[in-house]
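This one's a predicted model, so the numbers in the text were calculated from it and none came from an experiment.
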Amino acid sequence: SYGLPKTGGQNIIFYGPPGTGKSTEIKRRIGDSPNVITVFHPDMQNSDFIGALKPAVDGGIVTYKFSPGPFAKALSKAYNHSDKNVYLVIEELNRAPAMAVFGELFQLLDRKEHGESEYEVDFPSDEFREWLDLETKMVNAKVKLPSNLSIYASMNTADQGVYPLDNAFRRRWDDEYLFIDWDECLKAELIIIKADGSEGKISWAILGEKINQELQGNYPEDSLLGQYWINGQDVKNSESLVPNKLLNYLWNDLLRHDEETRNAIFKS
């Protein structure tokens, strides 16, 4: 690539209540820049994240080749597009044991003023080093984050079964909290509410805000409903009735053991 190397690489965690548009905000930030997107899950391992030897067929013969993971792909893109901002996007960061998934790469999250890694680490395998040398047409003695590679992650702390993030890991990221904003959602009166033998239409902006008012005080903000929890497609698919995913979340998940709040939201 040509031009001066880009600087300013960052590690940022976008977090907040479900439905506040974390993924949308990340997509807006990266725009058309080169990027690699992955989703963490409970079975994610360090070798999945970096890459590992996997069976491959070469000329009819079964052999083993290095199969790059999202980290290896993003690192290669960053080196090959040094004059552009490159992004590694991790959706649902805390759905996997993040410290274990990063492994030694954890040290790379410390950055210098211009965005490159403060420290370098050894390649976890010779195969990874050889693959990166071939992809970048350069000799790489150690692994480091270049100044143009940013890591953006989304995290929803309200979800059940998530993994806590170690403090040493978390402090190496900048945090950006996305607030609930009812000015940024469906205003049209699309949702049909049926009660007492009659029905009326209401907008998601009003319905969602009213439900949150019943939840506030007894539940943390990350359990409330964000403005994008329901969208136009949800309403269309449910034929304008309150979408089942909202009913299930409130009745079966959040309010399962809270009869008082459940009765305040649902008619008997």
Side-chain angles (χ1 to χ4, degrees), residues 8 10-33 35-40 85 87-95 150-160 162 165 170 173-195 199-255 261-262 264-266:
Q10 295 176 286
N11 315 315
I12 303 178
I13 293 175
F14 297 83
Y15 72 110
T20 47
K22 295 178 283 293
S23 297
T24 301
E25 177 61 17
I26 289 175
K27 290 177 182 177
R28 186 190 70 79
R29 296 274 186 102
I30 66 178
D32 295 328
S33 299
N35 64 83
V36 175
I37 300 176
T38 188
V39 180
F40 274 12
N85 292 315
Y87 298 89
L88 170 59
V89 177
I90 303 172
E91 298 281 8
E92 308 291 351
L93 176 68
N94 58 339
R95 282 193 174 274
S150 290
I151 306 178
Y152 284 178
S154 69
M155 185 173 74
N156 183 3
T157 56
D159 283 339
Q160 300 179 30
V162 297
L165 296 183
R170 184 68 182 266
W173 299 75
D174 292 325
D175 288 345
E176 292 203 18
Y177 186 83
L178 274 69
F179 292 89
I180 298 172
D181 184 357
W182 293 110
D183 290 332
E184 295 293 329
C185 69
L186 287 173
K187 298 295 193 306
E189 295 183 345
L190 298 174
I191 298 175
I192 297 172
I193 302 291
K194 294 185 177 183
E199 66 178 49
K201 288 189 176 181
I202 192 172
S203 71
W204 165 237
I206 294 176
L207 178 61
E209 190 168 18
K210 292 295 184 183
I211 292 174
N212 280 351
Q213 287 173 4
E214 296 292 343
L215 299 176
Q216 282 172 339
N218 295 324
Y219 293 89
E221 187 172 8
D222 60 9
S223 295
L224 303 184
L225 305 172
Q227 64 270 20
Y228 301 120
W229 218 100
I230 284 179
N231 57 44
Q233 194 63 37
D234 293 328
V235 176
K236 181 180 178 181
N237 290 341
S238 64
E239 297 180 339
S240 293
L241 296 174
V242 178
N244 281 330
K245 72 174 188 178
L246 175 59
L247 301 177
N248 282 327
Y249 171 69
L250 293 172
W251 186 272
N252 294 322
D253 294 339
L254 189 63
L255 306 177
T261 307
R262 196 171 66 223
I265 293 176
F266 292 92

Checklist entry - Y152: what forms a ring-ring contact (aromatic ring centres under 6.0 Å, His included) with it, not counting sequence neighbours? => result F14, Y87
Item to check | Beyond-backbone contact of I37 with N35, side-chain heavy atoms, under 4.5 angstrom | outcome: yes
Checklist entry - Got a sec, which pairs hit salt bridge (Lys or Arg N to Asp or Glu O under 4.0 Å) with one end in residues 14-31, sequence neighbours left out? => result E25-R28, E25-R29, R29-E176
Checklist entry - Distance from I180 atom CD1 to L224 atom CG, nearest 0.5 Å? => result 5.0 Å
Item to check | By side chain to side chain contact (heavy atoms under 4.5 Å, CB included) - contacts of K201 (at least two apart) | outcome: E189, I192
Checklist outcome for this item: By side chain to side chain donor-acceptor pair (under 3.5 Å), N11 pairs with (sequence neighbours left out) R111
Checklist entry - Going through the distances and angles, do L247 and F266 end up as a side chain to side chain contact (heavy atoms under 4.5 Å, CB included)? => result CA-CA 9 Å; L247 301 177; F266 292 92; 3.8 Å; yes
Checklist entry - In Å, rounded to the nearest 0.5 Å, how long is the span from OG1 of T38 to CG of L88? => result 7.5 Å
Next on the checklist: Side chains of Y15 and L93, heavy atoms from C-beta outward: is any pair under 4.5 Å?
Outcome noted: no
Checklist entry - Who are the salt bridge (Lys or Arg N to Asp or Glu O under 4.0 Å) partners of R262, not counting sequence neighbours? => result none
Next on the checklist: Contact between E221 and Y177 at the side-chain level, heavy atoms closer than 4.5 Å - yes or no?
Outcome noted: yes
Checklist entry - What pair of heavy atoms forms the shortest contact from T20 to G226, and how long is it? => result CG2-CA, 4.1 Å
Item to check | Those residues that, when tested against Y228, pass ring-ring contact (aromatic ring centres under 6.0 Å, His included) (two or more places apart) | outcome: none
Next on the checklist: D183: which residues meet the side chain to side chain contact (heavy atoms under 4.5 Å, CB included) condition with it, sequence neighbours left out?
Outcome noted: D181
Item to check | Partner residues of Y219 under the ring-ring contact (aromatic ring centres under 6.0 Å, His included) criterion, sequence neighbours left out | outcome: none
Next on the checklist: Within this structure, what is the OG1-CG distance for the pair T24 and L178, rounded to the nearest 0.5 Å?
Outcome noted: 9.5 Å
List, one per line, each side-chain donor-acceptor pair under 3.5 Å for residues 238-245, sequence neighbours excluded.
unit_1 : atom_1 : unit_2 : atom_2 : d
S238   : OG     : D234   : O      : 3.1
S238   : OG     : V235   : O      : 3.1
S238   : OG     : L241   : O      : 2.7
S240   : OG     : L190   : O      : 3.3
K245   : NZ     : W229   : O      : 3.0
K245   : NZ     : D234   : OD2    : 3.0

For residues 204-218, please give each side-chain donor-acceptor pair under 3.5 Å, one per line with the distance, not counting sequence neighbours.
unit_1 : atom_1 : unit_2 : atom_2 : d
W204   : NE1    : Q227   : O      : 3.0
N212   : OD1    : L225   : N      : 2.9
N212   : ND2    : L225   : O      : 3.0

Checklist outcome for this item: Residue set satisfying side chain to side chain donor-acceptor pair (under 3.5 Å) with E91, at least two apart, ordered chain then number -> S23, S154
Checklist outcome for this item: Residue set satisfying salt bridge (Lys or Arg N to Asp or Glu O under 4.0 Å) with D175, at least two apart, ordered chain then number -> R170
